[in-house]
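Below you'll find the structure, written out as structure tokens, and then a few comments.
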Amino acid sequence: LSPKKVGDDIAKATQGWKGLRITVELKIQNRQASVSVVPSASSLVIKALKEPTRDRKKVKNIAHSGNITMDDVIEIARTKRTRSGAKHLSGTCKEIIGTAQSVGCTVDGQPPHDDIESIQSGDIEIPEE
């Protein structure tokens, strides 16, 4: 189990997440390491913004002032569904919208908190599957 091979595997698995901080799950079984990417909600939201890659060493405190669609939010919520604490998909969507608010982007051109309130009131329907 050489560190160089594990490092190369991690680099290969995280190729699509260049410039973003990402969690990597490392499973070792029978002296074989398998690498899987476990994206956080914020990194999924930032990836949905489709921003150009940045060098984290040089560019600091970037403002993510983009816009994501509600379909992007539902797609991210389906990805995060297994690790969410919510009972229903609408709760997971509210978690993702809250993350979008903390990242600093808008959802469908509106402030994210307006979307959370309209999900709670039932104005926005979230399909369960």
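- Residue Gly109 comes nearest to Asn67 through the heavy atom pair N-OD1, 2.9 Å, listed as atom of the first residue, atom of the second, then distance.
- The two residues Val37 and Ala13 come nearest to each other via the heavy atoms CG2-O, 3.4 Å.
- Interatomic distance, CD1 of Ile96 versus OG1 of Thr99, reported as 5.0 Å (0.5 Å rounding).
- Nearest heavy-atom pair, Ile116 versus Gly98, reported as atom, atom and distance to 0.1 Å: CD1-N, 4.1 Å.
- Taken from CD in Gln101 to CG in Asp115, the straight-line distance is 10.0 Å, to the nearest 0.5 Å.
- Rounding to the nearest 0.5 Å gives a distance of 12.0 Å between CD1 of Ile76 and CZ of Arg78.
- Residues Ile74 and Cys93 meet the side-chain proximity criterion, which asks for heavy atoms closer than 4.5 Å.
- Within the 4.5 Å cutoff, the side chain of Ile119 has heavy atoms near those of the Met70 side chain.
- In this structure, CZ in Arg21 is found 10.5 Å from OG in Ser43, a value given to the nearest 0.5 Å.
- Annotation: side chain of Val38 is not in contact with side chain of Val24 (no heavy-atom distance under 4.5 Å).
- Taking 4.0 Å as the cut-off between side-chain N and carboxylate O, Lys12 and Asp8 do not count as a salt-bridged pair.
- No donor-acceptor contact under 3.5 angstrom links the side chains of Gln29 and Ser34, judged on distance only.
- When the options Leu44, Ile46, Thr14 are evaluated for a side chain to side chain contact (heavy atoms under 4.5 Å, CB included) with Leu20, the one that passes is Ile46.
- The closest side-chain heavy-atom distance from Gln32 to Lys27 is not below 4.5 Å.
- The closest side-chain heavy-atom distance from Ile22 to Ser40 is not below 4.5 Å.
- Considering all non-hydrogen atoms of both residues, Ala33 and Leu26 come closest at CB-CD1, 4.2 Å.
- Within the model, atoms NZ of Lys80 and CD of Glu75 stand 14.5 Å from one another, a figure rounded to the nearest 0.5 Å.
- For the pair Gln110/Thr106, no side-chain contact is recorded, criterion being any heavy-atom separation below 4.5 Å from C-beta on.
- Between the OG atom in Ser102 and the CD1 atom in Ile97 there is a gap of 12.0 Å [rounded to 0.5 Å].
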